Protein chains: 4
Amino acid sequence: MKPEARKKLILASAKRLFSRGGYYQTQISDIIKDAGIARGTIYQYFSNKEDVFVTLLEQYYSQWEESISLAAADINLENVDPVDYFRHRIKRTLVFFSKDKDLCNIALRVGLGLPGDMALVIKRFEERIIRLLIGDLDLGISNGHVRQDLNVELTANLLAGALLSTAYHFFSQDADQAKPLDINKTTEDIIAVFAPGIFTKPYKKQSE
Amino acid sequence: MKPEARKKLILASAKRLFSRGGYYQTQISDIIKDAGIARGTIYQYFSNKEDVFVTLLEQYYSQWEESISLAAADINLENVDPVDYFRHRIKRTLVFFSKDKDLCNIALRVGLGLPGDMALVIKRFEERIIRLLIGDLDLGISNGHVRQDLNVELTANLLAGALLSTAYHFFSQDADQAKPLDINKTTEDIIAVFAPGIFTKPYKKQSE
Amino acid sequence: MKPEARKKLILASAKRLFSRGGYYQTQISDIIKDAGIARGTIYQYFSNKEDVFVTLLEQYYSQWEESISLAAADINLENVDPVDYFRHRIKRTLVFFSKDKDLCNIALRVGLGLPGDMALVIKRFEERIIRLLIGDLDLGISNGHVRQDLNVELTANLLAGALLSTAYHFFSQDADQAKPLDINKTTEDIIAVFAPGIFTKPYKKQSE
Amino acid sequence: MKPEARKKLILASAKRLFSRGGYYQTQISDIIKDAGIARGTIYQYFSNKEDVFVTLLEQYYSQWEESISLAAADINLENVDPVDYFRHRIKRTLVFFSKDKDLCNIALRVGLGLPGDMALVIKRFEERIIRLLIGDLDLGISNGHVRQDLNVELTANLLAGALLSTAYHFFSQDADQAKPLDINKTTEDIIAVFAPGIFTKPYKKQSE
DNA sequence: TATGAATGAGTATTCATTCAT
DNA sequence: GATGAATGAATACTCATTCAT
């Protein structure tokens, strides 16, 4: 097996296990047993347990960054309707989290109680989301699309909290598997809640 | 020292330490050193480390329940303006979390990666909040105050996620201590974001 | 309650518990709970846990010594038939052990694995029995009642081992309660096994 | 070092230490120090302290079973003299216990006061011996070699108790090392005590 | 590169004993 | 004498990490 493939194998096992049991309750023993490798082998690819976890997170975050930049790329900021843009952002986010439930679990729920810099890595993720939203809202204000008197920092937090927690609620491992989420409809429903309070232009429901 | 007082002493130390370091990184040794008691003493009051943690959480949750029921008590549901009621609820929640930053830290951030039933206890807390919001929204719909086509479950999640995550962001230990939050203004700002998307009646800013 | 009465109360509880669980698995907590006294009270009567256990044993051993000397007292060594004497000894021993099953349990089974001098105390008990038997057998040899070529030390050990282990087997707590032992018959049966190999005079069954 | 060898090393240390100090007073620390291994290593071979002890006992018991079956194998039950057979059994038993004084100590003395199923394991050992003797005696009765009126269960207990306790007395660690036992002579002496009371045929001393 | 036996610092928990009230 | 809250030394067991093969 090629080294890269083996590294991926380890990360796949680690992801599944960390997602279910969290950082502390997942042992190196569990990971190597699940990956079918020897105890020493994991240390050929990762310097320690924390490295495995952080690699997983950073991989996830860079995927997210990529997903965001792609989102930016395929939209022409000049002409786009602000609510459409907002809609696009929210949908992208939901789509992203829905793609990998294990990572959703890890990224949105673990945080405090982790050793060293790991909690920081996670915190940075949320801050990045919030800063992005702040940027969006500030832009919207200068464009006249967003209410001048909006509390931007707070609203960014509300949106981030609402989105992340909702993502966890609907997409995480433990979520009710019986009713899968219609992301298009959910996006529209979220817009319907937030848009009237954020934008200056009266909100119109998207025709389906 | 009276037994009850000593138990409180231990819980106070545990709260501070769990809040900063989380469950796993907080050792029994840390707690007893902080509380200035002997190693065995903590086991006179709690059966084990988990018991200390869960006691802390349950205490917090029952405080929250009480705070909620008080909130219900001092409002006349017949005559109250729905936005006013919403405003009241949100403010209560923010006030509650702002009162104890350590518990805010513990309750809102810890979750996955905890042993046994502890994660469950926390999960139940959030579910309780969401169910409460669902009840409010359903009532609003039958009153005609809330949009008929609102996705109630989703909106309850958005609100819960937005509120809890915002509470953590502004009130937790790590929050920027330099700019303390004006809860009245924050409440109003939150209403300004959510009200237009939820209520049927046009939202009017509260005069201060 | 009078001090002596309370000491007896503690010993009674300790006896029952040590008999069931042995020395190590019986906690001071168990004893005080069973005796219905406070934690500190037991230390008014005994210097420590070991003292409770040893007191129990020594009480038992002195009872046994007394039982032995009584046995000696009511027999006229001159005229008595040697098999009768042997019979008497064996019966006395069996009767003694059968009287207190808890102490039987403690004295015959516990031994190794006890701290300090406790194992010694128990060992001395057995040695005392053996020395007594050696005395009896030596006397019998000089009387001509016992085979000249008998290996006295070994035979004393056989007798002690046989008697003690049989006592435990039939009288201890765990013994089959369904078939209570007829001590007279058992004594006769033991004599029937040992007498022919020990005495010079042909053994005759006792008429009942 | 090969794994099997290391496991044996640990058992050897454990045997010596348990034999001297018993179960409770022997610490894991003592065993690893004696075996010259690291703290964690013992847990690679045994799941816990109890497992080490039980492994030791079960090893001993299976050795004993093997020794017994060998004893049965090299004797022709048809033609053998019953006293010879008895002699053989007794000698085998004595030889067995004399071979490993530490295990002799552990198996014959420990019993009550052990946690979990450990006491049971030991109890089963004795019961096995007794059942074997009962079988022998029943066979002897149907052959006409053994007295018809012998109390078989009791006699088996007497023999087991006599033998085990004598084995401990003469072979255990604490036994008087000054006078080593002549097993042939001891066997003969034991036979001389028991044979006349058990067998129908007059007992004749073995010519040496 | 892969292995897995060996390592040992780290930690929760127990329980006999003390002593102020 | 009686109490029971407080004590802290003692101890089994864990688990990430190493390193010789």
Side-chain angles (χ1 to χ4, degrees), chain A residues 1-3 6-7 23-33 36-52 115, chain B residues 1-7 10 24-32 35-52 115, chain C residues 1-3 6-7 23-33 36-52 115, chain D residues 1-7 10 24-32 35-52 115:
Chain A
M1 190 185 286
K2 285 193 181 168
R6 190 162 284 234
K7 187 166 187 174
Y23 181 75
Y24 281 102
Q25 283 185 306
T26 301
Q27 260 70 286
I28 289 288
S29 303
D30 301 328
I31 298 174
I32 59 165
K33 203 190 296 169
I37 57 168
R39 190 152 274 267
T41 306
I42 199 170
Y43 289 93
Q44 302 265 348
Y45 298 95
F46 302 94
S47 51
N48 50 35
K49 185 181 170 183
E50 181 172 338
D51 188 27
V52 180
Chain B
M1 188 184 291
K2 283 193 181 167
E4 253 341 278
R6 190 160 287 236
K7 188 166 187 176
I10 294 169
Y24 282 102
Q25 283 185 306
T26 302
Q27 260 65 285
I28 290 287
S29 302
D30 300 331
I31 298 174
I32 60 167
I37 58 169
R39 190 148 280 268
T41 306
I42 198 169
Y43 290 95
Q44 295 246 342
Y45 297 96
F46 302 94
S47 50
N48 50 36
K49 185 179 165 183
E50 181 172 338
D51 188 28
V52 180
Chain C
M1 189 184 289
K2 283 193 181 168
R6 190 162 285 233
K7 187 166 187 174
Y23 182 75
Y24 281 103
Q25 284 184 307
T26 303
Q27 260 70 283
I28 290 286
S29 302
D30 301 328
I31 298 174
I32 60 165
K33 204 189 297 170
I37 58 168
R39 189 150 276 266
T41 306
I42 198 169
Y43 290 93
Q44 303 264 347
Y45 297 96
F46 303 93
S47 52
N48 49 35
K49 185 180 170 184
E50 182 172 338
D51 187 27
V52 180
Chain D
M1 188 184 288
K2 283 193 181 167
E4 253 341 278
R6 188 159 287 237
K7 188 165 188 176
I10 295 169
Y24 282 102
Q25 281 185 308
T26 301
Q27 260 65 286
I28 289 288
S29 302
D30 300 330
I31 298 174
I32 60 167
I37 58 169
R39 190 148 279 268
T41 305
I42 199 169
Y43 291 95
Q44 295 245 341
Y45 297 96
F46 302 94
S47 51
N48 50 37
K49 185 180 167 183
E50 180 172 339
D51 188 28
V52 180

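Below, chains carry the letters A, B, ... as their sequence lines are ordered, and counting in each starts from 1. Note that the structure is predicted; figures quoted are calculated from it, not measured.
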Legend entry - OG1 on A/Thr26 to CD1 on A/Ile31, rounded to 0.5 Å: 6.5 Å
Inset, instruction - Return the value, rounded to whole Å, for the distance between atom CD1 of D/Ile31 and atom P of F/dA12. - result: 8 Å
Inset, instruction - Using side chain to side chain contact (heavy atoms under 4.5 Å, CB included) as the criterion, list what pairs up with C/Asn48, not counting sequence neighbours. - result: C/Glu50, C/Asp51
Inset, instruction - Could you state the atom-to-atom distance from CZ of D/Phe46 to P of E/dA6 in whole Å? - result: 12 Å
Inset, instruction - Rounded to the nearest angstrom, tell me the gap between atom CD1 in C/Ile37 and atom C1' in F/dG1. - result: 12 Å
Inset, instruction - Write down the atom of B/Ile10, the atom of B/Ala35, and the distance for their closest heavy-atom approach. - result: CA-CB, 4.5 Å
Inset, instruction - Please state how far atom NZ in C/Lys7 lies from atom P in F/dG1, giving the value in whole angstrom units. - result: 11 Å
Inset, instruction - Specify the separation, in whole Å, of atom CD1 of D/Ile32 and atom P of F/dC13. - result: 12 Å
Inset, instruction - Quick one, give me the B/S/- string for nucleotides 13-21 of chain E, reading 5' to 3', where B means a protein heavy atom under 4.0 Å from the base and S means that only happens at the primed atoms, P, OP1 or OP2. - result: BBSBBB---
Legend entry - Under 4.0 angstrom between D/Tyr45 side-chain N/O and E/dA5 OP1 or OP2: no
Inset, instruction - Please check if the side chain of A/Lys49 supplies one atom and the backbone of A/Tyr23 the other of a donor-acceptor pair under 3.5 Å. - result: yes
Legend entry - Test side chain to side chain contact (heavy atoms under 4.5 Å, CB included) applied to D/Tyr43 - qualifying residues, sequence neighbours left out: D/Ile28
Inset, instruction - Compare every heavy atom of D/Ile37 with every heavy atom of D/Arg6, then report the nearest pair and how far apart it is. - result: NH1-CG2, 3.5 Å
Inset, instruction - Would you indicate, yes or no, if F/dA6 has its OP1 or OP2 atom less than 4.0 angstrom from a side-chain nitrogen or oxygen of B/Arg6? - result: yes
Legend entry - Watson-Crick and G-U pairing of DNA chain F, under 3.5 Å, as dot-bracket with | and [ ]: .||||||||||||||||||||
Inset, instruction - With sequence neighbours left out, write down each residue that passes side chain to side chain contact (heavy atoms under 4.5 Å, CB included) with C/Gln44, or none if nothing qualifies. - result: none
Legend entry - Taking every non-hydrogen atom, the tightest pair across D/Tyr24 and C/Gln25: OH-CG, 3.1 Å
Inset, instruction - State which residues pass side chain to side chain donor-acceptor pair (under 3.5 Å) with C/Thr41; sequence neighbours excluded, sorted by chain then number. - result: none
Legend entry - Rounded distance (Å) that lies between atom C1' of F/dG4 and atom CD1 of C/Ile42: 14 Å
